[in-house]
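Here is the structure we will look at, set down as structure tokens.
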Amino acid sequence: MPPEYDPALTPTDPSQILARLKAYAVARGYPVDLWVTSEVLRFLSTGLTNPAQNAALYEVLAQIPAVFDAGPTRDHAGRPGHAVGLVVSDKSSLSLGVAYVIFSDTGAPLTIEQVGTPPPPGLHLPNVPTIMDYIEIITTRRVPTVGATK
């Protein structure tokens, strides 16, 4: 597995992360900002990154022009937090995808939800924003080896 696909090996330098993800996107002809955004969200959602890596990933997100402050909110578990929005699809998509990363008051990431506006055609859903994907971020570290206790 290439290092850019293993969240646990994510560098703690935002410029390294951004350069790596941009180079990968350019080499494959992907839209750079969308690719970087989706990969950073993927890394965060695994729960495999440490606080220093998370801080670097947030710095990368802050450099993406499509990132915006979505204000105070609650996640679907009812926990209060603050949302940051990221555009995660372009005009080639059937609906505009926006992902919201919801942080607790302490700054811990709570959830990532992706919303489609309007909902994808063919599903016959009401013409309101529709949650396409919802991820609760794991904050407890996994045991790294069999028999390990920390």
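Heavy-atom basis, side chains included; hydrogens, waters and symmetry copies ignored. Computed from a predicted structure; not experimentally measured.
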For [X], what residues pass the side-chain hydrogen bond (donor to acceptor under 3.5 Å, both in side chains) criterion, not counting sequence neighbours?
X    : result
S104 : T106
D75  : R79
Q114 : none
N127 : none

Nearest non-hydrogen partners of Q53 and L48, listed with the distance: OE1-O, 4.1 Å
Taking all heavy atoms of I102 and all of G81, pick out the closest pair and write down the distance. CG2-CA, 4.3 Å
Please list, chain by chain and in numerical order, all residues satisfying side-chain contact (heavy atoms from CB on, under 4.5 Å) with [X], sequence neighbours excluded.
X   : value
V60 : P14, I17, L18, V36, V40
A70 : F68, A83, Y100
A23 : none
A52 : T12, N50

To the nearest 0.5 angstrom, please state how far the [atom1] atom of [X] sits from the [atom2] atom of [Y].
X   : Y   : atom1 : atom2 : answer
F43 : T49 : CZ    : OG1   : 9.0 Å
T10 : L44 : OG1   : CG    : 8.5 Å
E39 : L57 : CD    : CG    : 10.5 Å
R28 : W35 : CZ    : CH2   : 7.5 Å

Close side-chain approach of V84 to L61, heavy-atom, < 4.5 Å: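 Answer no - side chains too far apart.
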Within-4.5 Å side-chain heavy-atom neighbours: V101 and L86: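 V101 reaches L86 side chain to side chain.
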Residue pairs, two or more places apart or on separate chains, that pass side chain to side chain donor-acceptor pair (under 3.5 Å) and touch residues 59-71: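 Pairs touching residues 59-71 that pass the test: D69-H82.
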Examine R20 relative to Y24 and say whether NZ or CZ is less than 6.0 Å from the centre of the six-membered ring and inside a 45° cone about the ring axis. no
